[in-house]
Amino acid sequence: MACNPRNAFPGTVYNNADRALDLYGDNIEVDYRGYEVTVENFIRLLTDRLGEDVPRGKRLGSDGGSNVLVYMTGHGGNEFLKFQDSEEIGSWDLADAFEQMWEKKRYNEMLFMIDTCQANTLYKHFYSPNIIATGSSEIDQSSYSHHADNDVGVAVIDRWTYYNLDFLETQVTSPTSKLTLADLFGSYDESKIHSNPGYRWDLFPGGEEKGRERLVMDFFGNVQGVEVEGVGGNETEWREDMRRLEEIIYRARARGNMTGAKKSETPVEEVIAPGRDLGKGRVEGAAKIEGVEAWGQRVLGAGALLGCALIWGGASWLESR
Amino acid sequence: MAQGIDAGPEDANFKVASSPANAQKQPPPESPKSIKTRGFVILSFWAVVLLLGLPVWLWTTSIHRARLPLQHMLDWADGKTCKPTFPLQITIEAPFLQEPEAAHLVRMTQHALDDLNEFSAHHLRLRLAKSFLSRDFQNASMTSIEDEYAIGPLTQFGNTDGLDEEALTVRLQPQPGAQTARAELQSHSTRLDVFYVSHQSPSVSSSSSTLATFIATKLQELFAEEQAIVAYILQSAQTMGHAPQISSSASSASREFRSRSHRSLNPELAARLDSRMTRSLKYAPTYHITVSLFTPSAAPSSWEIELALAEYFTPLLDSISGVSNFTVDTQVQLYATFSPSVHSPEYDAEQQIWTLREEDLSGFINAAEWPLSPSIGAGPTLNFVLYVPDRSTSPLVVRGSQASSWLIPQWGGVVILNPQNANATLNEATLLKESIQPALLTFSHQLLSFLGAPQTPPSLPLQLQTLTRIRAASLLLSASSTMGSLAWVTVALPSIAIPETVSSAVDTTLGHLRSTCEALKEGRFKDALENARIAEIQAEKGFFEKSMVGQVYFPDEHKVAVYLPLLGPVGVPLVMSALKELRRLWASRKAGQPG
């Protein structure tokens, strides 16, 4: 979008017509842009079903200790979100992709946020554990844009996104912020957003209560833990360790090389988020459930078809008389 | 033909004449031939639809799903197929003892060990050195203690027996004049020297011996950490038990096993192991190591890194190449500035040092501007950063602990290189390899902990052996759980295709898992690791098969909406004509029957 030739301010995306905050900043990295943003690529990214030639920068290198944030915004409707102008991702597609991620332990906790018309329908079908989902608007509700920038010629930001960003910019000021999801969700003002945001907690172990205690920075931050290797007290021990290692290395060198092992190209990636205890086990009963109404729908469809056939048959019978 | 056409109007005239009331003109009756032709036309249409259209439609819309041995895969994930055990072979060498005495000692030590051991999956097995049995006793007692002598024949014997690699050699030597026994672990070989007081050596008749207990305790101590790690790995695999139906049907045996391993892990140790496990990298066959020099000024602009690496780093990499491969590259980055969110170092006038706040260490690496891209090569990248502070802010240390190096879990390590003494300055154009040495040793230390090597037995060969076993166990479990995930995904998502490559990858994985399990049981740990590596790679390949992306989900409404406009206009004439034709046939048959 930033590099679209129709953008009057090349290389930038602003959250506001006052153009104070350039969302692209100085050093943002966009891995998928323009026509690379397809439903297939998105699902491949989530499930890591990518060819071996895809660089690691274009992969989601998460593992069982990672917290994943999925934020989607765009045009959408009941149980779908449009990608480009030609295709859309459905609620079931997302649910299945997340289930595969869960199966392969590609996330620890996930925060799913979506800003589109009827956004809350999009997380309806999720069935994998440890997901907190939130959306901007109920079914049959529109999600409105905040305002338009006349120089750019389009609406620059959606209302819900605007107030989310506003919260993050003004409240979450440092990487050590202790604000929780309850604070973030509590900041939503329906009179400003012009729609009713929805939340889904039932997939999260401990439900709403535990989910609300999650820190915003668990998902929006990339706080890397650090282990300082103490010198001070056990300096002698440390030196001893080092000396030993040195000796070992000399020995090893004297012994000469050992056999090299085989090469392989299976890429495995480093983790983004700090690791966390995952020993909670699988949530019981989190399985894909086909609703009973599916059968009802089928009967209805068959009935409609039959009805059409009957009308047609009746008409032709009348005509033939 | 021409006659037929001529005949038509005459017929019609005749009809009109015979029934003047019916003003409408009737079409001429069809000739039986044209009725027959029409029948054939309809039939041929139907034949094309049924014989060509339907198969093509089925063929093009069907999803190819290769058969997978689902039950086997789930059994592996469940841990039903394989309970990994780790029998460690320990050889006892007692050149100064009589054979029956030595054998008795070994038996008693084994007893004492079995009593000490709480974790049955990991146990130590003692045996008397074969070389001792075959060697002339007189000869042996006269030989001086030499490194190679003791190890040489033993390994030969091990090979000819086709037995497992031995984990440790315990060498018993009498020590005249000492009051208590003591043990000494060789830091560069797998040998434990035990010096005992001569009167401690047990007679054949005695039922207990301080020496046996002493050896058993020592051995137990040596392998305590490894046992704890193995128990931890197995336990975490258990508690992360796969699918709900599996955890509910978990056998009582595994539950008992779990509780037992729980007991052997005290919470403090478990927490430590936990932090170690999160720190260590996920297994990969190849790791990429980037050693970088960052400096905020223009100097040092070069370093003798190649020499230093060859001397201090490569030997270590070579010795762990059995576990993973490594590629190394280096870079120098001048004028590297901190990111603006980090507080700049503060001067501590008292100690004349510059300090960094510990909270800021996580932001020390300026990820946005320092070129530490993870996208080099195939494997995960480990970054080792050597930071040479500017002369004006040197020496630079972490406030409080005064440390100058730290470790970022799963990412890499950072070392701030300060001048060794106050007069020396590092900001010369070239860093000599001697000045890099301490940093590289720190990196080596960090590398080992990233790989998940234990820290306690202070002998690298022992640590590497332990690493082999730990890796084999964790790979076995992770490949098994991938199998379970794949089976589960296959069942849960009926709409994704499963190509034959997945099926063959699964077969390979299961095969190698089986050999891993057997190798573990027999104590062939290198073999086990080799198999487990292949299993893991194949399992990942199977799960992440590129073509296994679920086709975009279509609700039934969509299908109707696609097919109805197409099939409606085509189908209605087809069906109606077929019906008419059938009715005609029925009528003609009815008419024909009475007559």
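Values reported hereafter were calculated over all heavy atoms of this structure, with side chains retained and with hydrogens, waters and symmetry mates removed.
From A:S316, atom OG reaches atom NZ of B:K580 across 8.5 Å, with rounding to the nearest 0.5 Å. Here the straight-line distance linking atom CG of A:D63 with atom CD of B:Q410 works out to 5.5 Å at 0.5 Å rounding. Taken to the nearest 0.5 Å, the CZ atom of B:F544 stands 13.0 Å off from the CZ atom of A:R44. Once rounded to the nearest 0.5 Å, the distance linking NZ of A:K105 with OG of B:S485 reads 5.0 Å.
Options B:V575, B:T482, B:V397 differ in how many heavy-atom pairs under 4.5 Å they form with chain A, and the most are formed by B:T482.
Annotation: cation-pi pair A:R49/B:F543 present, NZ/CZ under 6.0 Å from the ring centroid and within 45° of its normal.
Each of A:E99, A:E103, A:K104 was checked for a side-chain contact (heavy atoms from CB on, under 4.5 Å) with B:V489, and the lone residue meeting it is A:E103.
The existence of a salt bridge linking B:K541 and A:E52 is excluded, since no basic side-chain nitrogen approaches an acidic carboxylate oxygen closer than 4.0 Å.
Across every non-hydrogen atom of A:W312 and B:V572, the tightest pair is CZ2-CG1, 3.6 Å. When every heavy atom of A:Y127 is checked against every heavy atom of B:L493, the shortest pair comes out as OH-CD2, 3.7 Å.
Heavy-atom distances place the side chain of B:L564, and not its backbone, under 4.5 Å from chain A.
A 6.0 Å sphere centred on NZ of B:K546 holds no more than 12 heavy atoms belonging to other residues, nucleotides or ligands.
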